[in-house]
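Reading through the structure tokens given below for one structure.
Chain letters run A, B, ... following the sequence lines, proteins first, then strands; residues in each count from 1.
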Amino acid sequence: MSDVPSAPNTHAIGLYINGEQHHLQVPPWLTLLDLLRDELDLVGTKKGCDHGQCGACTVLRNGRRVNACLTLAIMCDGDELTTIEGLAHGDRLHPLQQAFIAHDAFQCGYCTPGQICSAVGMAREGRARSRAQIQEAMSGNLCRCGAYSNIVAAVEEALPQMGGPRP
Amino acid sequence: MNSPLSGQPLDRVDGPAKVTGRARYAGEYPEPGLLYGSVVSGNVARGRIRRIDCDAALAVPGVVEVLHHLNRPKMAGDDESYEDADAAEGKPFRPLFNDRVLYSGQPLALVVAESLEVARYAGSLVRIEIDAEAHRTDLFAELDNAHDAPAELPGPRGDFAGAFEAAPFKVDATYSTPVEHHNPMEPHASTVIYNADGSLQVHDKTQGTQNSQDYLVKVFDLPKERVRVCAAYVGGAFGSGLRPQYQLTLAAMAALRLQRSVRVTLTRQQMFTFGYRPRTVQRLRLGADAQGRLLAISHEATGQTSRFEDFTEHLVEWSGMLYRCDNVALGYRLVPLDVYTPLDMRAPGAASGVIALECAMDELAQALSLDPLELRRVNFADSNGNEGKPYSSKALLDCYARGALRFGWHSRDPRPRSMQDQGELVGWGMAGGVWEAMQMKASARARLDADGHLWVSSATTDIGTGTYTVMTQIAADAFGMALADVTFQLGDSSLPTAPLQGGSFTVSSVGPAVRQACQALRGKLVAWAKGRYPELAGIDAGAFVVRDGQLQVAGKAYALEAMDVRVDAEPSARRQGFASATHSAVFVEVRIDEALGTLRVSRVVSAVAAGRVINPKTARSQILGGVVWGLGMALQEETQIDHGLGRYMNHNLAEYHIPVNADIGEIEVIFVDEPDDIVNELGSKGVGEIGVVGVAAAVANAVCHATGRRVRDFPLTVEKLLG
Ligand code: FES
Ligand code: FES
């Protein structure tokens with residue numbers, strides 16, 4: 001395993017991130033998470049474990065929630081990605097962002113972008129309606145500050161404004 | 001003037017930044033030419049490095065340097081330089097200092113490269129040969145090697161041995177608590193920006209920017225004015241940021257050597273390679289008369305520490321102060337092991353020590369056939385027996401009453417296994433909680449701009465506690481101004497001195513400094529205005545208002561001038577004759593499926609007495625978070641070590657279990673009124689720790705009520721509930 005790799009082959013990919021088109025050259029091992037954070041300075045997407053264990057890196061890929069740390073950038077050619085930076089319209093916050101503030105659904109804020117993206121994805125899935133279902137469907141997003149009760153309250157409040165499942 | 005902002009449940013002022021992803025944390029500051037450091041960790045618990053071979057790593061395109069103990073830049077050679085504001089007694093760990101391997105997971109080299117991926121890959125190519133030596137990591141196997149902890153314990157009072165011997169009702173039980181890791185969601189990170197003039201601008205994950213600054217200044221012998229440490233946002237810490245951690249040392253080391261900007265972010269696995277809550281074993285002996293009055297209390301604890309520092313926490317003191325008792329003996333010993341030094345972790349000492357006390361109280365109530373809540377009422381203490389001083393306030397009886405009412409405690413059938421519902425065993429348990437209400441020196445600056453905006457600052461941090469918001473409220477009230485016209489700045493070592501953010505003393509320490517600075521600035525403004533505008537000379541100071549960018553007095557507007565004031569606040573002198581503490585009563589309902597051994601905590605009521613609450617919304621969140629921590633301590637959290645290897649086995653978030661959303665039932669938080677004009681001028685005691693204290697004991701007590709089984713070894717995992 002100690003052979004030294006030659007300079008990486010990079011591959012051209014095209015992505016829409018928060019509505020903006022990007023043409024990028026990426027090495028094959030670059031994760032979507034590191035692409036967002038280190039190459040594009042979209043640091044709102046967080047890295048809590050890099051192993052798919054915490055949900056801090058949750059983004060929306062073609063409307064579905066995914067762990068960006070488990071997604072290679074090269075897999076996303078042609079995809080539409082929404083990160084936490086893409087949810088608000090200018091100064092107008094997404095209803096869920098508003099609800100998170102109103103219910104104090106965070107403390108340190110580090111899990112928050114992942115929680116919010118995850119809840120937006122969950123709303124589109126259309127499966128979680130009751131409090132218990134929301135709790136189950138949001139259990140892939142850890143919050144060490146323990147803001148869970150308030151996260152559920154915020155999601156419950158904003159759910160009706162999030163349009164439910166996509167047609 | 002409008003009604004005060006303090007006491008109102010305002011939204012966080014940093015909320016919009018956090019929900020939009022605009023809030024930047026330590027490892028998120030971009031910088032042209034930034035290099036990435038990846039830490040190479042050892043996997044031997046004790047030994048000496050024989051050889052480090054970096055050739056293969058250095059040959060990887062993009063690798064700039066591999067630093068280790070043989071080629072690192074010069075570092076201080078005395079222990080004092082490594083001692084920080086939260087240092088334990090002993091010889092602090094020095095990263096990459098020499099060939100000694102002191103614990104498994106120790107950083108042994110740092111690969112610095114143009115990208116994170118290259119640095120990490122090259123790290124896997126660094127070959128390190130270690131001459132391993134025999135190691136010891138098991139506290140229970142080493143109890144014979146304990147020594148007295150260098151802690152200032154209250155001396156024995158009365159005659160414990162005699163009173164215990166004579167007591168008609170007794171409990172003698174031993175409890176154990178495991179190693180736990182802080183695991184804030186944000187891994188520790190430091191971005192060190194190397195400025196053109198050679199000065200360092202550091203973004204560090206820390207609970208004390210000035211602590212990190214002092215550390216770098218001493219360790220690398222740098223002029224203080226050339227090191228600035230910032231922490232605008234901290235992604236949780238819970239104590240992990242109280243001491244400068246090694247990623248800071250390594251990032252600074254690399255930046256100084258290479259004269260370039262460097263970032264070092266630890267992996268989640270590496271978050272298990274520094275401080276943690278120590279494993280403890282605790283023996284509790286209680287003696288009581290037939291009415292439940294405590295005649296004798298002894299609390300003897302042994303905790304683990306490293307071989308290089310004696311870490312102490314307030315583990316046993318609570319047993320001498322929560323209840324009234326004349327015969328008390330406390331003991332605290334430490335066992336040094338081949339592990340890293342433990343570190344303060346949310347409610348350090350109390351979170352573990354009160355488990356033993358409050359489980360033993362439940363066992364005593366059972367022995368007496370007395371209601372556990374009644375037992376605590378009978379033993380209420382209005383003075384702190386350790387110090388022989390009355391409490392400045394202690395509304396614990398109200399916590400008992402309101403918590404019990406809300407929970408419905410009166411309808412509890414005391415017999416174990418008596419309450420069942422839909423095939424599940426139901427158990428109700430309760431416990432008390434206590435934490436010190438401290439106050440430290442702190443400074444603040446208040447500055448009024450000519451356009452009427454108030455800027456207030458202090459070098460404290462906001463680790464999710466709500467400091468930005470609460471200080472803004474205090475400042476706006478003290479100056480008499482709208483919230484929107486006030487900005488509070490923190491997290492920068494160049495701001496006025498503040499203590500570490502920990503111990504629940506930020507509001508009570510920094511709050512008075514902020515208040516005094518704003519009051520003084522207001523006084524200065526009034527005096528200036530009366531001189532500048534003679535027609536204001538006779539007008540009462542209360543009529544002066546800053547609004548819409550102007551000074552407004554009696555319906556007329558006047559231009560402002562910029563001015564500022566800096567204040568150093570001291571702990572209130574009135575505290576001297578008193579003891580001060582926060583208290584809580586926690587009530588828990590558990591539901592257990594005995595066939596499967598599954599346990600759910602369906603309800604928690606936490607009633608808290610913490611003096612005056614400045615922001616009920618953020619304070620409630622602190623308590624909610626504390627309760628979640630308590631549930632984790634009760635049921636899940638445990639860092640498991642393979643003593644053969646001397647290494648943690650579950651060092652990741654899939655195997656180190658913390659509560660997830662679906663684990664959390666209903667949690668209700670009650671703040672009882674507790675006026676206190678002694679503790680400090682705000683009457684506030686702080687709420688960061690109290691929420692966790694007592695919760696784990698209440699769960700264990702509820703489990704015993706549900707099943708008849710008393711588990712004394714934490715956490716209460718499934719195998720301990722089955723069979
Ligand atoms: S960072 Fe992707 S799941 Fe934790
Ligand atoms: S808000 Fe801190 S981890 Fe969730």
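Pairs engaging residues 105-117 of chain A under the salt bridge (Lys or Arg N to Asp or Glu O under 4.0 Å) rule: none recorded [sequence neighbours left out].
With values rounded to the nearest 0.5 angstrom, A:C49 atom SG is found 7.0 Å from B:M185 atom CE. Taking CG of B:D11 as the reference point, atom CD of A:Q98 lies at 8.5 Å (rounded to 0.5 Å). Atom CZ of B:R12 is separated from atom CZ of A:F106 by 6.0 Å, given to the nearest 0.5 angstrom. Here the straight-line distance linking atom CH2 of A:W29 with atom OH of B:Y121 works out to 8.5 Å at 0.5 Å rounding.
Contact detail for B:E117 and A:D34: the closest heavy-atom pair is OE2-OD2, 3.0 Å. Pairing each heavy atom of A:Y148 with each of B:P659, the nearest pair is OH-O, 2.7 Å. Considering every non-hydrogen atom in both B:A662 and A:E136, the closest pair reads CB-OE1, 3.7 Å. Counting all heavy atoms, side chain and backbone alike, B:I664 lies closest to A:S149 at CG2-OG, 4.1 Å. Residues B:V234 and A:C108 come closest through the heavy atom pair O-CB, 3.4 Å. A:G109 approaches B:Y25 most closely through the heavy-atom pair C-OH, 3.3 Å.
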Only pairs under 3.5 Å count here: list side-chain donor-acceptor contacts from residues 626-636 of chain B, not counting sequence neighbours, and write none if there are none.
| residue | atom | partner | partner atom | Å |
| --- | --- | --- | --- | --- |
| B:W629 | NE1 | A:R144 | O | 2.9 |
| B:Q636 | NE2 | B:D663 | OD2 | 3.3 |

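Contacts with chain A were tallied for B:D462, B:L624, B:T20; B:T20 has the most, counting heavy-atom pairs under 4.5 Å. Of the listed residues (B:N652, B:I667, B:I463, B:T267), the greatest number of heavy-atom pairs within a distance under 4.5 Å of chain A belongs to B:N652. Contact tally against chain B (heavy-atom pairs below 4.5 Å) for A:N150, A:L30, A:L96, A:I116: the top residue is A:N150. Comparing B:M271, B:E666, B:H182, B:R263 by how many heavy-atom pairs each has under 4.5 Å with chain A, the most go to B:H182.
A salt bridge does not link B:R268 to A:D50: none of the charged nitrogens lies less than 4.0 Å from a carboxylate oxygen.
Taking 4.5 Å as the limit, some side-chain heavy atom of B:Y36 sits within range of a side-chain heavy atom of A:D38.
Within residues 73-94 of chain A, the residues having any heavy atom closer than 4.5 Å to a heavy atom of chain B are A:I84, A:E85, A:L93, listed by residue number. Scanning residues 39-47 of chain A against chain B with a 4.5 Å non-hydrogen threshold yields A:D41, A:V43, A:G44, A:K46, A:K47, sorted by number.
Only the side chain of B:Q269 comes within less than 4.5 Å of a heavy atom of chain A; its backbone N, CA, C and O stay farther away. Residue contact with chain B, scored on non-hydrogen atoms closer than 4.5 Å, involves the side chain of A:I151 exclusively. The contact between B:A23 and chain A is made entirely by backbone atoms, counting heavy-atom distances below 4.5 Å. No part of B:T465 comes within reach of chain A, as not one of its non-hydrogen atoms sits under 4.5 angstrom from that chain.
The closest donor-acceptor contact from the side chain of A:Q97 to the backbone of B:V19 lies under 3.5 Å. Checked by atom type and distance alone, the side chain of A:Q107 pairs as donor or acceptor with a backbone atom of B:S621 at under 3.5 Å.
No hydrogens or angles considered: nothing links the side chains of B:N661 and A:S139 as a donor-acceptor pair under 3.5 Å.
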